[in-house]
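Structure first, then comments.
Because the structure is predicted, anything quoted here is derived from the model rather than measured.
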Amino acid sequence: MSRIARDLEETGIRIEIGDDFAKYRAYRSKLSDRGPIYPMFDVAASYIDQTNGFWICGFNEDGDLIHTQAVRLLDLSGTSLNTHLVCHRHKYITPDSTPDPDQTFYSGPNALDFITGQVCYQGEFWLRAQGLGGARSQGVTTLLSRLMLEVAVAAWNPSYVFALVPQRVAAKGAHLRYCFNHCEPGRWIGPDQQVTEEDYLIWMEASELARTLSKTRPAVQGATVAAMTTMPASLARAALRVGVPANG
């Protein structure tokens, strides 16, 4: 985490990692150029705290918020992601994307039926476009997603990690930039069988996640190196348990 944070700071991004979702909601509310926060990560609509979620925010040198992403831990023991998305679809549907959320369902990916166990959902991923020479052109999307995976593994060691990305983003190889192994087409089907939105499912299982992280994770000499991140103690303790240097 320290190395990733240093690499991000070199591109002009300061990272803050947190699990106070009231604070995250306050950060998000300042972004007038974005849509509403997804209910899955909104404390006004869902129960989420340090036991089942964390967020990552990035700030530029002027202190402006230029990046967000959030992760929620789902206990899908004895059920599947397919069943979960049917029951909780309102928390995943993009606000105002369908005429009737009650009659809108997600379908398509085969992985929906076998993703189960302790599952992490990555959402709210946003990186402000800054033109040529900006953060996106410096390849920080991969670093930011990699940081999320490191924290998720340190905190929960999930069986699966998944995200839903727009078709236009998936077409550009989003799963590779986000460090995911699999990408499957998916669609939200509305009340008249119309496609209200095309979201692709990107995902990976625990063994793939472990291999992905171990290939590029540097050897850790100790847990005393101060990370260039702001991180709550609960997540810092989890990081230390797996030998990832972090401050408290």
**Request:** Any salt bridge (Lys or Arg N to Asp or Glu O under 4.0 Å) involving residues 42-52? Give me the pairs, sequence neighbours left out, ordered by first then second residue.
**Result:** R25-D42
**Message:** Any carboxylate oxygen within less than 4.0 angstrom of a Lys/Arg side-chain nitrogen, looking at R34 and E124?
**Reply:** yes
**Message:** Check whether Y178 reaches the backbone of G173 with its side chain - one donor and one acceptor, N or O, closer than 3.5 Å.
**Reply:** no
**Message:** Salt bridge check, R146 against E150: does any charged N sit closer than 4.0 Å to a carboxylate O?
**Reply:** yes
**Asked** Side chain of S80, backbone of T83: donor and acceptor closer than 3.5 Å?
**Response** yes
**Message:** Do F180 and L127 land in one hydrophobic cluster if side-chain heavy atoms of ILVMFWY residues count as linked below 4.5 Å?
**Reply:** yes
**Item:** N-O pairing of E61 and R14 below 4.0 Å
**Value:** no
**Prompt:** Does R72 use its side chain to pair, donor to acceptor, with the backbone of I48 at less than 3.5 Å?
**Reply:** no
**Complete:** Applying side chain to side chain contact (heavy atoms under 4.5 Å, CB included) to Q167 and not counting sequence neighbours gives A171, E198, Y200
**Message:** I'd like to know whether H182 forms a ring-ring contact (aromatic ring centres under 6.0 Å, His included) with F162, so could you lay out the CA-CA distance, the side-chain angles of the two residues, the decisive distance to 0.1 Å, and finally the verdict.
**Reply:** CA-CA 9 Å; H182 306 277; F162 79 96; over 10 Å; no
**Request:** Identify the residue among F125, W55, W126, Y27 that makes a ring-ring contact (aromatic ring centres under 6.0 Å, His included) with H67.
**Result:** F125
**Request:** For Q118 and S159, run side chain to side chain donor-acceptor pair (under 3.5 Å): C-alpha distance rounded to whole Å, both residues' side-chain angles, the deciding distance at 0.1 Å, then the answer.
**Result:** CA-CA 5 Å; Q118 298 299 302; S159 305; over 6 Å; no
**Asked** Linking I/L/V/M/F/W/Y whenever their side-chain heavy atoms sit closer than 4.5 Å, directly or via other members, would F114 and L76 fall into one cluster?
**Response** yes
**Prompt:** Taking all non-hydrogen atoms of both residues, which atom of I93 and which atom of P101 are closest, and how far apart?
**Reply:** CD1-O, 4.0 Å
**Asked** Closest approach of I15 and G58, non-hydrogen atoms and distance?
**Response** CD1-CA, 4.1 Å
**Prompt:** For C183, which of L176, V165, I202, L201 qualifies under side-chain contact (heavy atoms from CB on, under 4.5 Å)?
**Reply:** I202
**Request:** Looking only at non-hydrogen atoms, find the nearest pair between A22 and V43 and report the distance.
**Result:** N-CG1, 3.9 Å
**Request:** Determine, using the 4.5 Å side-chain heavy-atom cutoff (strictly less than), whether L213 and L8 are members of one ILVMFWY cluster.
**Result:** yes
**Prompt:** So which heavy atom on R89 is nearest to which on D102, and how close?
**Reply:** NH2-O, 2.8 Å
**Prompt:** Going only through I, L, V, M, F, W and Y residues with side-chain contacts under 4.5 Å, is there a path from W203 to V169?
**Reply:** no
**Message:** Check whether D75 reaches the backbone of S77 with its side chain - one donor and one acceptor, N or O, closer than 3.5 Å.
**Reply:** yes
**Message:** Salt bridge check, E16 against K23: does any charged N sit closer than 4.0 Å to a carboxylate O?
**Reply:** yes
**Request:** Would you name the heavy atoms of V71 and W156 that are closest together and state the gap between them?
**Result:** CG1-CZ3, 4.0 Å
**Item:** Within residues 32-51 or reaching into it, pairs that qualify as ring-ring contact (aromatic ring centres under 6.0 Å, His included) - sequence neighbours excluded
**Value:** F41-Y121
**Request:** Please check if the side chain of Q69 supplies one atom and the backbone of L144 the other of a donor-acceptor pair under 3.5 Å.
**Result:** yes
